Protein chains: 2
Amino acid sequence: MNQNKDRRTAILEAALGLIAERGFHGTPAALIAERAGVGVGTIYRYFRDKDELIHAVFQDVEKRQIEIITRNYDEERPFRERFVHLCRNIYHCLMEKPLEFRFLEQYFDSPYGVEQRRRLDNLSRPFGRLFFAGKEQQVIKDVPDKMLYSLVFGPIAFSIKEHNAGFLQLDAERIDLFIGALWDAIRR
Amino acid sequence: MNQNKDRRTAILEAALGLIAERGFHGTPAALIAERAGVGVGTIYRYFRDKDELIHAVFQDVEKRQIEIITRNYDEERPFRERFVHLCRNIYHCLMEKPLEFRFLEQYFDSPYGVEQRRRLDNLSRPFGRLFFAGKEQQVIKDVPDKMLYSLVFGPIAFSIKEHNAGFLQLDAERIDLFIGALWDAIRR
DNA sequence: TTCTCCGGAATGAACATTCCTTCTATGGTC
DNA sequence: GACCATAGAAGGAATGTTCATTCCGGAGAA
């Protein structure tokens with residue numbers, strides 16, 4: 001029973017790492033099994049097929065990330081502070097876990113991305129509340145939420161890609177500078 | 001000779017469309033050949049292999065896009081005006097050609113994306129000059145170029161994805177609203 | 001012994017790529 | 001103008017490879 005959990009986890013982690021490094025199509029089941037220290041057949045004891053495995057990896061990653069993003073988040077603080085807090089957490093968790101970031105990147109631009117809607121819904125819930133109140137109190141631009149998301153998530157994702165590719169060095173100071181610019185984009 | 005060009009073009013267009021619709025891995029060579037009205041073997045008369053074909057499609061798309069983005073662009077106009085002009089053109093060409101947008105999207109988040117560097121270098125040249133002068137004259141934030149690119153291209157790409165997915169209706173008015181927010185993000 | 005869970009060889013499907021046959025266009029000959 | 005020879009292009013069946021997935025013999029627990 002505990003053994004079950006370990007094997008399942010090992011498979012999930014192996015899949016995450018390999019897919020991040022080599023893409024969906026560069027990671028045959030045999031390779032996942034090898035890295036997980038498990039027989040090929042075993043994968044199919046825990047997951048119906050490769051698709052189910054990949055969705056499971058996604059859900060796993062998503063769960064962890066949401067947990068980190070809303071850590072220490074206090075809905076009572078002022079808008080700008082809350083905004084900065086959420087953004088910092090996002091940077092933190094995406095940059096600490098480059099594998100997870102690369103996995104998500106691949107996941108969303110692929111047939112699996114049908115689930116994208118879900119992810120945004122889940123990940124952006126705290127932002128949604130922030131935006132709603134901010135618009136009401138005329139602190140944030142009165143434009144559709146999706147536009148605000150684009151203004152925030154777009155640059156964050158883009159800059160982390162540049163960072164991971166080695167084109168842009170992101171340290172705490174620069175991240176804060178950047179978050180300041182994001183705030184300028186959405187504030188009234 | 002003319003016939004050659006037609007066949008090559010037909011193959012490129014078929015590949016572009018199919019890859020945009022079904023992804024790299026949903027488009028076997030046989031399918032490309034079929035849509036192009038050509039025998040499978042013929043593809044290999046024009047392109048060494050599938051990779052070369054895909055890179056060729058990319059270069060083709062890139063060339064067209066750069067042409068559109070810098071259309072009617074006047075380096076003598078004021079910063080904000082030039083910025084708005086370039087952004088509008090980007091929206092224009094990416095939204096007019098959803099197939100090309102979807103192709104590019106796939107291309108960059110894939111092993112082929114090694115070429116990403118080139119694309120940014122090419123596509124962003126007019127922006128690079130704009131940013132340089134803007135920083136010098138203290139109109140634009142004095143942060144690394146890559147940060148400015150992230151602040152501009154990130155949201156544009158993100159919002160077009162949302163648009164194509166049907167979550168965000170982008171008309172001319174909203175696009176201008178959006179570009180205004182982008183300007184807020186990068187201006188001093 | 002029996003019941004579960006594993007491993008990994010075996011299977012079959014999907015493809016990229018090759019290779020040989022068939023077609024087409026060109027131009028030389030009568 | 002009719003005919004044919006030849007080279008280069010096109011087509012698509014055949015090949016070989018790379019997987020996902022299955023299946024069955026075996027190890028270990030109960």
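A quick note: this is a predicted structure, and the numbers were derived from the prediction, not measured. FYI, side chains are in, hydrogens and waters are out, and symmetry mates aren't considered; it's all heavy atoms of this structure. Each chain gets a letter, A, B and so on, in the order its sequence line appears, and its residues count up from 1.
One hydrophobic cluster holds both B:Leu177 and B:Leu151 under the rule that ILVMFWY side chains link at heavy-atom gaps under 4.5 Å.
At whole-Å resolution of the value, OH in A:Tyr46 and P in C:dC5 are 8 Å apart. Between the CD1 atom of A:Ile54 and the C1' atom of D:dC19 there is a distance of 13 Å, given to the nearest Å. Nucleotide C:dC6 holds its C1' atom 16 Å from the CZ atom of A:Phe47, rounded to whole Å. In this structure, NZ of A:Lys50 is placed 16 Å from P of C:dA14, rounded to the nearest angstrom. In this structure, the CD1 atom of B:Ile43 is 12 Å from the P atom of D:dA10, given to the nearest Å. As a whole-Å value, the separation of A:Glu34 CD from C:dG7 C1' is 14 Å. For the pair A:Arg8 CZ and C:dC5 C1', the computed distance is 16 Å after rounding to whole Å. For the pair B:Asp49 CG and D:dT17 P, the computed distance is 17 Å after rounding to whole Å.
Residues A:Lys63 and A:Glu67 are not paired through a salt bridge, judged by the lack of any N-O separation under 4.0 Å between the basic side chain and the carboxylate. Remark: B:Asp184 does not engage A:Arg187 in a salt bridge, criterion side-chain N to carboxylate O under 4.0 Å. The existence of a salt bridge linking B:Asp176 and B:Arg88 is confirmed by a sub-4.0 Å separation between a basic side-chain nitrogen and an acidic carboxylate oxygen.
Taking the six-membered ring wherever Trp is involved, the centroid distance between the rings of B:Phe131 and B:Tyr149 falls below 6.0 Å.
Within the 4.5 Å cutoff, the side chain of B:Asn89 has no heavy atoms near those of the B:Tyr73 side chain. When side chains are defined from C-beta on, A:Ile11 does not count as touching A:Arg45, because their heavy atoms never get closer than 4.5 Å. With a 4.5 Å cut-off on side-chain heavy atoms, B:Tyr46 and B:Leu53 do not count as touching.
Heavy-atom distances under 4.0 Å link DNA chain D to A:Thr27, A:Pro28, A:Ala29 of residues 21-32 of chain A, given in residue order.
Residues satisfying the ring pair (Phe, Tyr, Trp, His ring centres under 6.0 Å) criterion with A:His92, sequence neighbours excluded, are absent altogether.
Distances shorter than 4.0 Å separate none of the side-chain N or O atoms of A:Tyr44 from OP1 or OP2 on D:dC23.
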Atom pairs under 3.5 Å: protein N/O with N/O of nucleotides 11-14 of chain D:
residue, atom, partner, partner atom, Å
D:dG11, OP2, B:Gly39, N, 2.8
D:dG11, OP2, B:Thr42, OG1, 2.5
D:dG12, N7, B:Gly41, N, 3.0

